[in-house]
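All values derive from a computational prediction rather than experimental measurement.
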Amino acid sequence: MQTLMEIMEKHPIVPFIRESDLAVRRPWNSPERRLLDYLMVYVQKGQCAFTVNGERQLFNPGEFCLIQPGSLTELEGLTDTETPFAHLDIFYKPGREKSFPTRPGQIDLTPYQELMQPSLNELYDIEIPVRLRFRNPNKMAEMMLRMISLWQQRDPLSQIKAQHTATEIFIAILDNHAQLHRPGREHTQDLSWMHSYLSFHLGETLSIGDMARRASLSPSRFSAVFKEQFGMAPHQYLLNMRVEHAKELLEVTTLSQEEIASYCGFANIHHFSKVFRKRTGRSPGGWRQKH
């Protein structure tokens with residue numbers, strides 16, 4: 001099973017607004033179609049009925065709707081309505097400028113599969129409903145209207161601001177509706193970022209407690225998860241990194257052994273020499289002479 005970090009690396013979150021409007025209309029109907037991208041609708045005025053994958057739901061003023069890619073959709077305004085909306089991609093895909101909001105009657109999208117956005121629910125194995133519920137709906141309405149207003153200005157800076165606002169909206173959707181791990185299964189903290197963290201703090205004194213706090217885990221839980229993911233205890237992994245960095249400094253610099261010991265986070269030159277010899281079979285001086 002892919003980790004959340006692997007999913008995010010493969011599907012980077014880079015919102016792209018394709019079409020957006022305030023949509024002031026008399027009673028209206030948009031016949032059945034299937035979506036390639038995301039459609040978010042804010043019902044600002046009036047009443048709507050949205051049928052998504054066979055389920056019909058009524059939406060009243062102040063409510064939000066999110067329809068995900070691949071969904072079979074029929075939209076209807078039952079009264080005079082104001083329904084600000086946005087067709088947008090959430091995840092980056094090459095060639096996404098070729099995609100489009102599907103038209104009424106377009107149900108078989110087989111010829112356009114390469115343009116289909118990944119579904120949030122399927123990609124993250126979560127359940128975000130069609131009817132969105134926010135802790136602060138007024139703030140969400142302001143963000144939605146700001147995003148549309150910025151997008152309609154069409155100048156480069158406004159477009160960037162609109163995309164930034166779309167990112168904020170996406171984060172709010174996840175924050176209000178989703179736990180980003182598989183429901184009903186034990187969630188294992190992803191520590192793939194830990195190598196970079198240790199590398200950045202290599203010259204510092206780091207305890208298991210320090211690392212565990214950074215990962216928001218107890219020391220015992222952190223040690224167990226770290227060993228499961230990296231194949232060794234955190235302290236041993238850190239020592240390996242320090243020795244590898246020391247090798248590099250011995251080979252390519254003229255730094256003294258005392259300086260290298262300090263840069264690599266060893267307590268002193270005696271500790272450095274002892275650990276280095278144990279792990280390489282040579283003293284630091286012997287290693288430098290050979291290489």
Side-chain angles (χ1 to χ4, degrees), residues 1-20 34-40 52-53 66-73 86-102 108-130 132 147 151 159-200 211 214-217 222 224-232 234 237 241:
M1 182 178 65
Q2 293 186 91
T3 66
L4 177 58
M5 289 299 294
E6 289 171 337
I7 291 172
M8 294 179 70
E9 288 174 3
K10 186 176 180 181
H11 301 280
I13 298 165
V14 187
F16 175 81
I17 302 168
R18 182 163 289 108
E19 182 179 326
S20 190
R34 198 177 296 277
L35 299 183
L36 285 169
D37 56 6
Y38 289 83
L39 173 59
M40 185 171 178
V52 181
N53 294 326
L66 180 69
I67 304 174
Q68 299 193 44
S71 299
L72 192 61
T73 305
H87 273 279
L88 72 163
D89 290 355
I90 289 177
F91 303 100
Y92 175 75
K93 262 196 168 188
R96 63 185 183 179
E97 68 279 356
K98 299 176 184 177
S99 190
F100 56 92
T102 52
D108 181 7
L109 300 181
T110 304
Y112 309 106
Q113 281 303 304
E114 74 280 1
L115 302 176
M116 181 78 71
Q117 275 278 291
S119 159
L120 278 171
N121 287 354
E122 293 178 2
L123 191 62
Y124 289 151
D125 198 3
I126 55 181
E127 188 60 42
I128 295 180
V130 173
L132 299 174
M147 178 185 72
W151 184 81
Q159 293 294 294
I160 293 171
K161 290 179 179 179
Q163 311 297 356
H164 175 73
T165 305
T167 302
E168 291 183 306
I169 290 173
F170 167 73
I171 292 170
I173 290 171
L174 291 180
D175 185 45
N176 282 262
H177 296 87
Q179 293 293 323
L180 293 185
H181 58 83
R182 297 177 183 270
R185 302 187 184 184
E186 183 180 356
H187 174 50
T188 300
Q189 179 81 40
D190 177 24
L191 298 180
S192 59
W193 52 270
M194 184 57 70
H195 182 88
S196 295
Y197 170 76
L198 295 177
S199 181
F200 186 76
M211 301 181 207
R214 180 65 178 79
S216 300
L217 295 171
F222 171 77
V225 173
F226 190 100
K227 189 170 184 179
E228 177 184 341
Q229 294 186 26
F230 291 93
M232 64 183 72
Y237 189 89
M241 289 184 65

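Although no hydrogens or angles enter the test, the distance criterion places no donor-acceptor pair under 3.5 Å between the side chain of E19 and the main chain of A86. The backbone N or O of H195 lies less than 3.5 Å from no partner atom in the side chain of S199, so there is not a single donor-acceptor pair. Looking at Q117, its side chain does come within 3.5 Å of a backbone N or O of F91 through a donor-acceptor pair. For D175 (side chain) and I171 (main-chain N/O), no donor-acceptor pair under 3.5 Å exists by modelled atom type. At distances below 3.5 Å, at least one donor-acceptor pair connects side-chain atoms of W151 with backbone N or O atoms of I17.
For the pair L36/D89, no side-chain contact is recorded, criterion being any heavy-atom separation below 4.5 Å from C-beta on. A 4.5 Å side-chain heavy-atom check between I90 and I13 finds at least one atom pair inside the cut-off. The side-chain heavy atoms of Y92 and H11, taken from C-beta on, include no pair separated by under 4.5 Å. Side-chain contact check for L88 versus R18: every heavy-atom pair is 4.5 Å or farther apart. Between L198 and M211 the shortest side-chain heavy-atom distance falls below 4.5 Å.
Residues satisfying the ring-ring contact (aromatic ring centres under 6.0 Å, His included) test with F170, not counting sequence neighbours, are none. For Q113, the side-chain contact (heavy atoms from CB on, under 4.5 Å) test picks out L109, M116, with sequence neighbours left out.
Atom-to-atom distance recorded for T102:OG1 and L35:CG is 5.0 Å, nearest 0.5 angstrom. Note that the CG atom of L120 and the NE2 atom of H177 stand 11.5 Å from one another [nearest 0.5 Å]. Separation of atoms OH (Y38) and NE2 (H87) is listed at 14.0 Å; rounding is to 0.5 Å. Atoms CZ and CG, from F16 and D37 in turn, are 10.0 Å apart once rounded to the nearest 0.5 Å. Note that the NE2 atom of H164 and the CD1 atom of I169 stand 10.5 Å from one another [nearest 0.5 Å]. Atom CZ of R34 is separated from atom CD1 of I67 by 12.5 Å, given to the nearest 0.5 angstrom.
For the residue pair A215 and L191, the shortest heavy atom distance occurs at CB-CD2, 3.9 Å. Taking both residues in full, the closest heavy atoms of P118 and L123 are given as CB-CD2, 4.1 Å, listed atom of the first, atom of the second, then distance. Contact detail for V52 and S71: the closest heavy-atom pair is CG1-CB, 3.9 Å. Here the closest heavy-atom approach between residue P111 and residue D108 is recorded as CD-O, 3.9 Å. Contact between T165 and M147 at its shortest, heavy atoms only, is CG2-CB, 3.8 Å. The minimum heavy-atom distance between L66 and M40, with the atom names listed, is CD1-CB, 4.1 Å.
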Test side chain to side chain donor-acceptor pair (under 3.5 Å) on S119 and N121; report intermediate values, then the result. CA-CA 5 Å; S119 159; N121 287 354; 5.1 Å; no
Could you check M194 against V225 for side chain to side chain contact (heavy atoms under 4.5 Å, CB included), going step by step and ending with a plain yes or no? CA-CA 12 Å; M194 184 57 70; V225 173; over 6 Å; no
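The aromatic rings of F226 and F230 sit parallel to each other, their planes meeting at less than 30°, with 60° as the upper class boundary.
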